[in-house]
There are 2 protein chains.
Amino acid sequence: MGDPGGAGRSAERGTPVGRPKRPTMSDIAARVGVSQALVSLVFRNQPGASSDTRRRVFQAAEELGYRPDTAAQLLRRTRSRQLGVLFTMRQPHDVGIVEALYPAAREHGYTLVLNAMVDTRDERQAMDELLGLRCEAIITIGTTFERHHLATEVGGPSIVEINPLTRAAGTDVVRTAERNGMRQAVDHLVAQGHRAIAHIDGGAMPGAEERRRGYRAAMRHHGLADHIRVHPGDYTEESGARVARDLLARPELPTAVIAGNDRCAHGLLGTFLRAGVSVPDDVSIVGYDDSQLARLSFIDLTSVRQDAAEAAEVAVRAAAERLDGGRTADRDIVLDPTLVVRGSTGPARTRSMPDGDLLR
Amino acid sequence: MGDPGGAGRSAERGTPVGRPKRPTMSDIAARVGVSQALVSLVFRNQPGASSDTRRRVFQAAEELGYRPDTAAQLLRRTRSRQLGVLFTMRQPHDVGIVEALYPAAREHGYTLVLNAMVDTRDERQAMDELLGLRCEAIITIGTTFERHHLATEVGGPSIVEINPLTRAAGTDVVRTAERNGMRQAVDHLVAQGHRAIAHIDGGAMPGAEERRRGYRAAMRHHGLADHIRVHPGDYTEESGARVARDLLARPELPTAVIAGNDRCAHGLLGTFLRAGVSVPDDVSIVGYDDSQLARLSFIDLTSVRQDAAEAAEVAVRAAAERLDGGRTADRDIVLDPTLVVRGSTGPARTRSMPDGDLLR
DNA sequence: CAGTACAACTAGTACGTACAAGTGGCACGT
DNA sequence: ACGTGCCACTTGTACGTACTAGTTGTACTG
C-alpha cells in the first residue's frame with residue numbers, strides 16, 4: 001500500500017525481488033503461543049522451558065524453515081566468538097593450515113571467517129572487512145605485509161600471525177624453528193656424503209631469511225663454509241625452474257639443493273628431470289613444508305615438515321588465551337619441524353657429471 | 001557500576017578481556033555535536049549534510065578509529081548484498097574462480113563471504129553458516145553433493161552452481177561445454193596423427209561424465225571407436241600416476257592420453273617422465289582446466305582451457321539477474337572452452353616402443 | 001495455612017545502524 | 001507581507017536477537 005505501481009521496481013532497495021521474508025523467533029513464538037524470549041531460551045539451550053515447549057518450538061522452527069540470524073546475534077551478543085583468517089590460497093601448506101583451523105576453532109568455541117588475499121584487493125581492505133564483522137581475533141597465515149597499525153589501534157582485535165614476514169609488537173606469533181629445520185636438512189645430506197649443498201632462498205617471503213641463515217649456519221657447522229651457495233628465488237615453481245636452468249648452464253652441478261619450499265623444489269625437480277638429470281642419483285633435492293605436493297608418489301620429496309594441524313591448534317589457543325584468559329603479554333611460539341626423508345635424497349654422486357648429459 | 005568485583009571475571013561473557021568498546025556512530029555524533037542520523041547520512045554519502053559537517057564527521061571517525069559495524073548494517077538493511085561462496089581449496093582451477101569472483105562481485109555491488117568445504121565439516125553446516133549471514137545468493141564451485149533441499153526452501157537464497165555434479169531444479173548453472181572441449185582435444189591429437197588416444201576419466205567428479213561422453217563421441221566421429229579406452233580415475237595427481245603405472249605394465253602404450261583434469265595429467269606426466277617415457281615424443285598428454293599447473297615451464301601442458309574469470313563473471317551476473325532483475329526462471333549457461341596447445345603434445349610416434357625403455 | 005522455593009514463563013530493553021518523517025531557518029518570488 | 005521551496009539537520013522507530021528483571025502458578029515445608 002502507498003506504493004502504487006511498485007510491482008517491479010524493488011531492484012534498488014527493499015526485499016530482493018520475489019523473496020519472502022525469512023521467519024524469525026517471533027514467528028515461531030506466535031505459532032507456538034509463547035513469547036519470543038522463551039524461544040530464544042530454547043535455542044540457547046538454557047533452563048527455563050518445559051520439555052514439551054522445547055519440542056514444540058523445535059517443531060515450529062522446522063516447519064517454518066527458521067534459521068538464526070547471525071547478524072542479529074552478532075549485534076546483540078557481547079562476544080562474537082569469531083576468528084578472522086587472512087590467507088592466500090596459492091601455497092598448499094597455507095591451505096592445509098586453513099583446513100586445520102576449522103576443527104581447532106570449533107574446539108575452542110569459535111567460528112571462522114575467511115578472507116582470501118587476492119591480487120585485486122589490498123590487505124587493508126580485507127582486514128577492515130574482518131573487523132567490520134566483529135572478529136575478536138585475526139589469524140594471518142604467511143602474509144607478507146606490514147600491519148603494525150592494527151596492533152596498536154583502540155579496541156583492535158587480537159592478532160595471531162602464523163609464519164609472518166616480520167614480528168610486530170602487540171601480536172602473537174606462531175612460527176617454525178627454521179634454523180632447526182635447515183640444520184636437519186643439511187645434517188641429513190652431509191650424512192649421505194654431500195658437501196656441495198646449494199640453497200634456493202625464498203627472497204622476501206615469510207621465513208626465508210631464517211632459513212637462509214639456518215642453511216649458512218649449518219654449513220659452517222659442518223666445515224662447509226666454502227660450499228655455501230645461495231641462489232635467489234621465491235616460493236614458486238618457476239623460481240626453482242629458473243635456478244635449475246642456471247645450474248645446468250654451469251660446468252658442475254651441486255650434489256644437493258635445498259629449496260625454499262616445496263613448490264620451489266617441485267620446479268627444480270621437474271626441470272632437472274626434463275633435462276635428464278637423475279634425482280637423487282645425480283642431485284639430491286630437499287623441499288620445505290612437507291605439503292601435499294611433497295607426498296605425491298612421482299615427486300616423493302624429502303622435505304622439512306611443518307605440522308599444519310599443530311600450527312593451527314596453537315594459533316587458536318593463543319587467540320583464546322588472550323580473549324578468554326586475559327593474557328596481554330605477547331607470545332612467540334616456535335614449533336620444531338621434522339625432516340621427512342623420501343626418495344628425492346640419496347648418497348652424493350662421486351663421479352663428475354659428463355657435460356653431455358645435460359642440456360641435450 | 002552495579003558490578004562489584006567484576007574486574008577480572010568477564011571471560012565467559014561480557015566484553016573480551018581488556019578490550020575497550022569500539023566506537024559507534026553515536027560517539028562520532030557526540031564529538032562533532034550532531035545527531036547519529038546525520039553521521040549515518042554522511043557515511044552513506046547521501047545528500048543532507050553540509051560539506052563542512054562531512055569533513056568534521058570524517059575527521060572524528062578517523063580520530064576515534066571508527067569502523068562501521070557490519071552486523072548492525074546487515075540487520076538494518078533490507079538487502080545484505082552479500083554472496084556466499086562454497087568451494088574447495090584443493091583444485092587450482094577452483095581457486096582461480098574464487099579469486100576472480102572478488103572483482104566480479106564488486107562490480108555488481110556485492111560482497112563475498114567465503115566458506116571452504118573441508119573434510120571435517122559437512123556441506124549442510126557450511127551452507128547454514130552462509131544463510132545465517134544473510135547471503136542473498138550462494139555460488140558453489142565444483143561441489144559434489146546434492147543440495148536440492150535448499151532450492152525449494154521458503155525464503156531460500158538464489159543458488160548459482162559453477163561446474164556442479166548434477167543440475168538441480170531451482171538453481172542457475174554455469175558449466176563448460178565439455179563435449180566441445182573434448183572434441184577439440186581429440187581433433188588436435190588426431191591432426192597430429194594420433195589414433196590410440198586414451199582417456200583417464202574423473203569418476204564421479206563434476207563434469208567427468210560429460211567429458212567421458214565427449215571423448216567417446218569425438219573418437220567415434222574420427223572412426224576411432226576401436227581405440228576408445230577409458231581408464232577410471234578422479235581429479236587427483238595420484239589417479240594419473242596410477243594409470244601411468246598401469247599403462248607402463250602393458251605391452252604397448254597409447255600414443256596419447258587425455259586426462260580428466262590438469263592435476264591428473266600432472267601425475268601422469270610425472271610418472272611417465274620418471275619411467276623414462278618421453279613426452280611428447282613417446283606419448284602426448286592433454287590436461288583439462290588450463291590451471292596454473294598447466295602453465296608451469298617444466299610441465300607445459302596442452303590443456304582444455306576453462307576461463308575462470310569468465311565463469312566468475314557470468315555466475316555473479318546470474319545471481320544479480322535474480323536478485324536485482326527479478327528473474328525467476330532457471331538459467332543454464334554453457335561456456336565454450338578453448339584448447340591451449342603447449343609442449344606436452346606432438347606428432348604421434350610411429351615406431352613401437354621397445355619394452356626395455358620402460359620400467360627400468 | 002502461611003510462607004517459601006522453584007519451574008515456566010513474559011515484558012522490556014539494548015545492541016548499532018538505516019531510514020521515514022519530521023523541524024527550523026533562510027532565501028526567494030510576487 | 002506571505003507563501004514556497006530547499007537545505008541542514010533531528011526525532012523516532014525498526015531490524016532480530018540476547019539478556020535482565022520481573023510475574024505467575026504450583027508444590028512443598030513446617
Side-chain angles (χ1 to χ4, degrees), chain A residues 1-3 6 10 12-16 21-30 32-57 61 64-81 131-134 155, chain B residues 1-3 6 10 12-16 21-30 32-57 61 64-81 131-134 155:
Chain A
M1 333 303 158
D3 184 5
S10 50
E12 277 314 309
R13 60 196 40 182
T15 305
K21 214 167 80 25
R22 59 192 276 173
T24 70
M25 283 192 180
S26 299
D27 296 328
I28 297 177
V32 175
V34 296
S35 70
Q36 173 268 327
L38 189 60
V39 175
S40 176
L41 274 187
V42 170
F43 283 130
R44 280 176 290 138
N45 207 24
Q46 299 250 330
S50 69
S51 58
D52 182 61
T53 302
R54 284 181 198 277
R55 196 181 42 70
R56 284 160 62 213
V57 165
L64 292 173
Y66 170 79
R67 259 172 239 286
D69 188 314
T70 308
Q73 290 179 327
L74 239 41
L75 181 60
R76 182 55 239 240
R77 280 185 185 143
T78 40
R79 297 283 307 269
S80 75
R81 302 206 72 86
L131 295 181
L133 284 169
R134 298 196 165 192
Chain B
M1 333 295 165
D3 184 5
S10 51
E12 276 316 308
R13 59 197 41 186
T15 306
K21 213 166 85 22
R22 59 192 279 175
T24 69
M25 282 192 180
S26 299
D27 296 328
I28 297 177
V32 175
V34 295
S35 69
Q36 172 267 325
L38 190 59
V39 175
S40 177
L41 273 188
V42 171
F43 283 130
R44 281 176 290 138
N45 206 23
Q46 299 250 329
S50 70
S51 59
D52 182 60
T53 302
R54 285 180 198 277
R55 197 182 40 69
R56 284 159 61 213
V57 165
L64 292 173
Y66 171 78
R67 260 171 239 286
D69 188 314
T70 308
Q73 290 179 325
L74 239 40
L75 182 60
R76 182 55 241 235
R77 282 185 184 145
T78 40
R79 297 284 308 267
S80 74
R81 304 207 70 88
L131 295 181
L133 285 169
R134 297 197 167 195

Check every atom of [options] against the side chain of [X] and return the nucleotide holding the closest atom.
X         : options                   : result
Gln73(B)  : dG16(D), dT17(C), dC19(C) : dT17(C)
Arg134(B) : dG16(C), dG16(D), dG12(C) : dG16(D)
Ala72(A)  : dG12(D), dT17(D), dT10(C) : dT17(D)
Ser26(B)  : dT17(C), dA11(C), dC15(C) : dT17(C)
Leu38(B)  : dT10(D), dT10(C), dG16(C) : dT10(D)
Leu75(A)  : dG12(C), dA18(D), dG16(C) : dG16(C)
Tyr66(A)  : dG16(D), dT17(D), dA14(D) : dT17(D)
Met25(B)  : dC9(D), dT13(C), dT17(C)  : dT17(C)

Measure [atom1]/[X] against [atom2]/[N] and give the value in whole Å, please.
X         : N       : atom1 : atom2 : result
Arg22(A)  : dT17(D) : CZ    : C1'   : 12 Å
Arg56(A)  : dA8(C)  : CZ    : P     : 13 Å
Asp52(A)  : dC9(C)  : CG    : P     : 8 Å
Arg76(B)  : dT17(C) : CZ    : P     : 13 Å
Leu131(B) : dG16(D) : CG    : P     : 16 Å
Leu41(B)  : dC9(D)  : CG    : P     : 10 Å
Ile28(B)  : dG16(C) : CD1   : C1'   : 12 Å
Gln46(A)  : dA18(D) : CD    : P     : 10 Å

[N], OP1 or OP2 - any side-chain N/O from [X] closer than 4.0 Å?
X        : N       : result
Ser35(A) : dT10(C) : yes
Ser50(A) : dC9(C)  : yes
Arg44(A) : dC19(D) : yes

Exercise. Checking only heavy atoms, does the side chain of Arg77(B) share a donor-acceptor pair with the base of dA18(C) at less than 3.5 Å?
Worked result: no
Exercise. Does the base of dA18(D) carry an N or O that pairs as donor and acceptor with the side chain of Gln36(A) under 3.5 Å?
Worked result: yes
Interatomic spacing from [atom1] in [X] to [atom2] in [Y] - rounded to 0.5 Å:
X        : Y        : atom1 : atom2 : answer
Asp69(B) : Thr24(B) : CG    : OG1   : 9.5 Å
Arg81(B) : Leu74(B) : CZ    : CG    : 12.5 Å
Asn45(A) : Arg54(A) : CG    : CZ    : 6.0 Å
Leu75(A) : Arg76(B) : CG    : CZ    : 12.0 Å
Leu64(A) : Asp27(A) : CG    : CG    : 6.5 Å

Seminar exercise, completed: Residue set satisfying side chain to side chain contact (heavy atoms under 4.5 Å, CB included) with Leu41(A), at least two apart, ordered chain then number -> Leu38(A), Arg44(A), Gln46(A)
Exercise. For Ala49(B), which contact category applies under a 4.0 Å heavy-atom criterion: base, sugar-phosphate, or nothing?
Worked result: sugar-phosphate
For this session: Would you classify Pro47(B) as touching base, sugar-phosphate or nothing, given that sugar-phosphate means primed atoms plus P, OP1 and OP2, and contacts are heavy atoms under 4.0 Å?
Result: nothing
Exercise. Taking only residues two or more places apart in sequence or in another chain, which ones pass salt bridge (charged side-chain N to carboxylate O under 4.0 Å, His left out) with Arg56(A)?
Worked result: Asp52(A)
Seminar exercise, completed: Assign each of Ser40(A) and Gly33(B) the nucleotide of DNA chain D bearing its closest heavy atom; nearer the 5' end lies the nucleotide of Gly33(B)
Exercise. Is a side-chain donor or acceptor of Arg22(A) paired with a backbone partner of Tyr66(A) at a separation under 3.5 angstrom?
Worked result: no
Problem set entry | CA sep, side-chain torsions, deciding dist, call: Met25(B), Phe43(B), side-chain contact (heavy atoms from CB on, under 4.5 Å) | CA-CA 10 Å; Met25(B) 282 192 180; Phe43(B) 283 130; 3.8 Å; yes
Exercise. For the helix from dC1(C)-dG30(D) to dT30(C)-dA1(D), how many degrees between its two end axes (five pairs per end), to the nearest 10°?
Worked result: 50°
